Amino acid sequence: MEEYDPKRIEEKWQQVWEEARAFEVANPDDPAAADRSRKYYVLEMLPYPSGTLHMGHVLVYTLGDVVAHFRRRNGWLVLHPIGYDAFGLPAENAAIREGGHPRAITERNIAHIRNEMKRMGWSFDWSREISTHEPEYYRWTQWLFLRLYEAGLAYRKHAPVKWCPKDQVVLANEQVHDGRCEYCGSEVEARSLEQWFFRTTAFAEELLQDMAELEWQERILAIQRNWIGRSEGAEVVFRCEELGEDIPVFTTRPDTLFGATFFVLAPEHPLVERIAERAPGGAQIRDYVRHAAAKRGEERARDEKTGVFTGFHAVNPVNGERLPIYVADYVLVEYGTGAIMAVPAHDERDYEFAQAFGLPVRPVVAPQEGEAPLPFTALTDTERLVSSGRFSGMSAREGGRAIVEWLAEQGKGRFATSFRIRDWLVSRQRYWGCPIPIVHCPSCGEVPVPDEELPVLLPEVEDYQPRGVSPLATAEEWVRAPCPRCGAEARREVDTMDTFVDSSWYFLRYCDPRNDRAPWERSVVDFWCPVDQYIGGVDHATMHLIYARFFMKALNNLGLVGFREPFKRLFSNGWVQLGGRKMSKSRGNVIGPDELVETYGADPVRLYILFIGPADQDMEWTDEGIEGMVRFVRRLWRIVHEVAERAPQGEPEDGPLLRKAHRTIAKVTDDIGRRQSFNTAIAAIMELVNELARDPAGPASRRAAETAVSLIQPYAPHLAEELWERLGHERLWAQPWPEADPAFLQEETFELVVQVNGKVRDRLRVPVDLPQEELVALAKASPKVQAHLDGREVKRAFVVPGRLVNLVV
RNA sequence: GCCGAAGUGGCGGAACUGGUAGACGCGCCGGACUCAAAAUCCGGUGGCCGCAAGGCCGUGUGGGUUCGACUCCCACCUUCGGCACCA
């Protein structure tokens with residue numbers, strides 16, 4: 001018997017699979033009529049082609065591969081594609097750093113990553129490979145942009161945005177974490193710029209509601225729920241007589257309206273400038289606004305309350321009181337209406353401000369009993385309204401509703417819902433992205449590029465250096481274009497799209513990747529989609545996973561797809577750590593698949609990454625661990641060879657080993673298929689191998705070995721294929737998944753646990769088919785039990801068939 | 001502060017529907033093979049007491065429900081993640 005040589009067998013089988021096109025899948029001839037009940041779309045988040053793969057990729061794609069193999073062998077038509085999220089800042093920054101074109105760098109990286117993926121033996125359908133930077137792909141990204149534009153879901157506006165001073169680019173809200181740029185970690189600045197947005201807020205309510213039908217881990221749903229941030233309350237109109245304007249405010253606490261003692265506008269509120277024009281203290285107001293604008297969001301939150309009185313007033317519609325209007329930066333322009341009624345008695349921030357400015361505090365909500373310290377913010381079922389006119393005495397909740405209804409009758413208020421989520425800022429002032437297919441005409445304004453002129457190709461430029469204006473602007477000839485509407489000389493939009501636009505629809509393109517007449521054929525996409533099993537990291541919970549959901553809702557409204565949710569089931573994997581910390585280049589604790597495959601082989605790496613622990617939790621990579629896995633693989637190799645040589649052929653005989661084999665089939669099938677417990681499936685196979693090792697030449701050994709090899713195939717496909725061949729068979733990847741025979745699932749005897757008053761006192765080996773009374777009798781007869789009974793009478797006996805007897809005295 | 005996830009041996013973890021706590025693996029200890037080492041194989045391995053048989057304790061803490069709780073309920077502590085002057 002030769003040694004286990006991973007390199008040799010892995011190369012051998014990878015070649016066999018490629019020649020056999022083993023994992024390619026054709027679309028049905030008539031997708032609209034095809035049976036969808038046995039199709040399975042398993043997808044892992046596509047990689048960003050930076051230099052090399054990391055262990056996170058190894059985890060994600062191995063997870064997906066196990067699922068893909070498992071489904072295929074269970075008779076499903078499996079779509080398991082791969083591609084590259086190729087546009088984006090890192091490649092562009094690398095081009096600036098090292099010289100060269102971002103395209104060249106990206107394509108070099110793709111070539112490397114493709115090679116690494118092939119060495120891992122993942123069973124992708126390579127015939128459907130795509131990359132988002134290719135004109136054949138981004139042509140359709142542009143086409144989709146135009147459809148959203150026509151539907152009013154893409155628009156341009158002047159708005160306060162987050163700006164990264166280092167990367168010289170605007171960022172989506174989702175890309176700012178703790179006030180820092182997600183790429184470089186610089187603190188972001190606030191700027192007011194004309195930018196392109198997608199109207200994600202149009203679907204805020206639906207994005208929230210439809211989570212009910214998603215089979216996603218609660219932790220991801222919770223993150224999205226927080227991000228969408230729905231609040232119920234009321235919009236109430238305050239009249240400013242000096243301005244002759246109605247100013248609406250949003251509040252979640254209409255029950256506290258009688259306690260309002262002042263009124264606040266955000267510094268960026270559109271009425272502030274008008275007030276400043278007329279107010280005697282206009283200069284001070286402008287001063288304050290300028291001062292607030294210079295502060296970062298974090299400072300605004302951290303600092304003491306500041307503000308300035310305008311001299312103007314707003315009338316409280318519930319009691320006609322004139323409230324002084326302040327401008328203060330603790331009120332945010334982007335949430336609610338950018339204006340608030342301030343109720344210091346029942347809001348901590350208003351209270352702080354009132355203290356600082358010596359404003360009155362008037363409690364209108366009282367606890368059930370006694371007095372509460374101010375500010376009193378509780379709202380349960382027990383608080384009552386006081387000093388609230390005819391609403392006094394009502395419960396605060398009821399009273400709040402009644403007040404809104406009363407205001408609604410007079411047209412001064414209504415029930416309202418507010419969301420935290422903002423429209424998605426999609427334009428970027430950088431080179432390496434999908435050009436926005438719009439032309440700006442001096443007379444026609446924004447004009448979409450006609451479909452037949454797509455793609456708008458990314459022009460060649462000399463210099464990618466970020467300067468705050470897109471490098472595309474320097475491609476003068478490209479920028480100058482005739483207006484598609486009037487023919488006059490016009491200028492192309494020079495910003496590119498956020499790469500998350502590319503990745504919001506890539507899984508649709510996989511279904512119909514070579515279509516050059518449309519982004520996809522709807523019947524084909526409706527056949528494969530939604531994705532049955534999606535796999536990827538938690539870090540995309542508020543970005544990619546929200547954007548893609550938004551896209552499906554928009555595309556469904558446009559009649560382009562027949563569903564509204566892209567990913568039915570989502571598995572969010574944990575982080576792979578080394579030395580107790582997340583692997584990262586800056587920490588220098590990165591190990592990649594290249595060296596590991598070189599040292600140990602792809603199969604042991606695949607096995608170990610899933611064996612470390614539950615794949616949805618963070619895990620710690622250790623060298624000792626992978627070496628243990630190599631030990632197991634070599635052991636399996638040796639034992640199977642011994643079985644192939646010495647074990648008898650023919651029908652296996654019933655016995656403990658055969659029963660163990662069947663129980664293992666049941667366990668592994670359930671672990672992979674239902675429980676998604678990939679680590680315990682491996683442990684179960686190890687148990688079977690341990691038992692087989694005791695008797696490699698027995699009457700059921702051949703069947704046990706075949707079972708172990710067959711079950712481990714999704715994890716270690718090369719090893720399994722090789723051993724399968726040595727057991728005298730072929731094409732394991734296409735063999736049906738083994739089935740557990742219920743007749744063999746039980747042992748003939750089991751260990752009966754005998755408890756006295758819930759404490760284990762004895763264990764007896766008994767036949768499985770004994771009636772309950774006999775089990776109790778046997779239990780009572782045990783000398784150890786007798787000693788513990790101590791002559792006392794057994795009052796009750798609980799029997800769990802096949803497990804235990806508990807005698808209560 | 002609000003929302004979510006999680007706390008089990010020396011370590012990673014298992015125990016799925018309330019029924020033997022610690023599967024499987026790492027590490028460690030002992031033995032076999034070897035001139036020796038590595039590799040491999042065999043055995044042991046939660047803590048405490050005991051020569052042993054055996055006993056007691058043990059799943060973050062404190063209570064509760066139950067014949068029986070890692071699992072269910074109540075209160076709390078810790079860690080991690082998300083949101084956060086969001087009205």
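Because the structure is predicted, anything quoted here is derived from the model rather than measured. We name chains A, B, ... by the order of the sequence lines, and we start the count at 1 in each one.
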S.K.: Pick the P atom in G62(B) and in G81(B), then give their distance to the nearest Å.
M.R.: 28 Å
S.K.: Considering every strand and a 4.0 Å limit on heavy-atom distances, what is the contact class for G229(A): base, sugar-phosphate, or nothing?
M.R.: nothing
S.K.: Should the pair H544(A) and H540(A) be assigned to parallel (<30°), tilted (30 to 60°) or perpendicular (>60°) ring geometry?
M.R.: perpendicular
S.K.: I'd like the P distance from C24(B) over to C42(B), given in whole Å.
M.R.: 13 Å
S.K.: Nearest whole Å is fine: how far is G82(B) P from I546(A) CD1?
M.R.: 14 Å
S.K.: For N679(A), which contact category applies under a 4.0 Å heavy-atom criterion: base, sugar-phosphate, or nothing?
M.R.: sugar-phosphate
S.K.: With the side chain of R638(A) defined as its heavy atoms from C-beta on, choose the nearest nucleotide among U40(B), A14(B), A87(B).
M.R.: U40(B)
S.K.: Students often get this wrong, so: under 4.0 angstrom with heavy atoms, is V343(A) touching a base, only sugar-phosphate, or nothing?
M.R.: nothing
S.K.: Is the shortest distance from a Lys or Arg side-chain nitrogen in K660(A) or E687(A) to a carboxylate oxygen in the other one below 4.0 Å?
M.R.: yes
S.K.: Assess whether one donor atom and one acceptor atom, taken from the side chain of N226(A) and the base of C83(B), lie less than 3.5 Å apart.
M.R.: no
S.K.: Base, sugar-phosphate or nothing for F611(A)? Non-hydrogen atoms, less than 4.0 Å.
M.R.: base
S.K.: To the nearest Å, how far apart are Q175(A) CD and C83(B) C1'?
M.R.: 18 Å
S.K.: Map R761(A) and R634(A) onto RNA chain B by nearest heavy atom, then report which one ends up closer to the 5' terminus.
M.R.: R634(A)
S.K.: Are the charged groups of D347(A) and R253(A) less than 4.0 angstrom apart, N to O?
M.R.: no
S.K.: Just checking W424(A) against F500(A), ring centres under 6.0 Å apart?
M.R.: no
S.K.: Could you tell me whether the side chains of T622(A) and Y608(A) share a donor-acceptor contact shorter than 3.5 Å?
M.R.: yes
S.K.: Y326(A) and F357(A): aromatic ring centres closer than 6.0 Å?
M.R.: yes
S.K.: Determine which bases of RNA chain B form Watson-Crick or G-U wobble pairs with both distances under 3.5 Å, and write the result as a 5' to 3' dot-bracket string with | for other-strand partners.
M.R.: (((((((..(((......[....)))((((((.......))))))((((....))))..(((((..]....))))))))))))....
S.K.: In whole Å, measure the gap between the P atoms of A32(B) and C26(B) for me.
M.R.: 22 Å
S.K.: For G9(B), decide between syn and anti, treating a glycosidic angle within 90° of 0 as syn.
M.R.: syn
S.K.: Which whole number of Å gives the distance between the C1' atom of G10(B) and that of C28(B)?
M.R.: 8 Å
S.K.: Would you please indicate yes or no on a ring centroid separation below 6.0 angstrom for F353(A) and F262(A)?
M.R.: yes
S.K.: For a quick check, tell me whether the side chain of R420(A) and the base of C83(B) share a donor-acceptor pair closer than 3.5 Å.
M.R.: no
S.K.: Within the stacking criterion (centroid distance below 5.5 Å, interplanar angle below 30°), does Y330(A) stack on C85(B)?
M.R.: no
S.K.: Give one of base, sugar-phosphate or nothing for H346(A), where a contact means two heavy atoms less than 4.0 Å apart.
M.R.: nothing
S.K.: Round to the nearest Å and state the distance from F419(A) atom CZ to C83(B) atom P.
M.R.: 18 Å
S.K.: Here's a test of your reading of the structure: between A684(A) and V808(A), which maps to the more 5' nucleotide of RNA chain B?
M.R.: A684(A)
S.K.: If we ignore hydrogens and angles and just use 3.5 Å, is the side chain of N679(A) paired with the main-chain N or O of L610(A) as donor and acceptor?
M.R.: no
S.K.: Could you please name the option among G19(B), A15(B), C24(B) that lies closest to any side-chain atom of T680(A)?
M.R.: A15(B)
S.K.: Using atom NZ of K784(A) as one end and atom C1' of G55(B) as the other, report the distance to the nearest whole Å.
M.R.: 13 Å
S.K.: Grab the CZ-P distance between F357(A) and C85(B) for me, whole Å please.
M.R.: 19 Å
S.K.: Remember a base hit wins even if backbone is also touched, and classify S231(A) as base, sugar-phosphate or nothing at under 4.0 Å, heavy atoms.
M.R.: sugar-phosphate
S.K.: Between C11(B) and G22(B), how far apart are the two C1' atoms, rounded to whole Å?
M.R.: 13 Å
S.K.: Tell me, which pairs form a salt bridge (Lys or Arg N to Asp or Glu O under 4.0 Å) where one or both residues lie in residues 219-228 of chain A, sequence neighbours left out?
M.R.: E218(A)-R225(A)
S.K.: What nucleic acid atoms does D671(A) come within less than 4.0 Å of, heavy atoms only: base, sugar-phosphate, or nothing?
M.R.: nothing
S.K.: Which of these nucleotides, A23(B), U20(B), A87(B), is closest to any side-chain atom of L804(A)?
M.R.: U20(B)
S.K.: Should the pair R362(A)-E321(A) be classified as a salt bridge under the 4.0 Å nitrogen-to-oxygen rule?
M.R.: yes
S.K.: At less than 3.5 Å, do the side-chain atoms of R763(A) and the base atoms of U20(B) form a donor-acceptor pair?
M.R.: yes
S.K.: What does A683(A) touch in the nucleic acid at a heavy-atom separation under 4.0 angstrom: a base, only the sugar-phosphate, or nothing?
M.R.: base
S.K.: Any N or O donor-acceptor pair under 3.5 Å from the base of C67(B) to the side chain of K795(A)?
M.R.: no
S.K.: Which part of the nucleic acid, if any, lies within reach of I223(A) when heavy atoms closer than 4.0 Å are counted: base, sugar-phosphate only, or nothing?
M.R.: sugar-phosphate
S.K.: Specify the separation, in whole Å, of atom CG of D178(A) and atom P of C83(B).
M.R.: 7 Å
S.K.: Give E348(A) one of three labels, base, sugar-phosphate or nothing, depending on what nucleic acid heavy atoms sit under 4.0 Å from its own.
M.R.: nothing
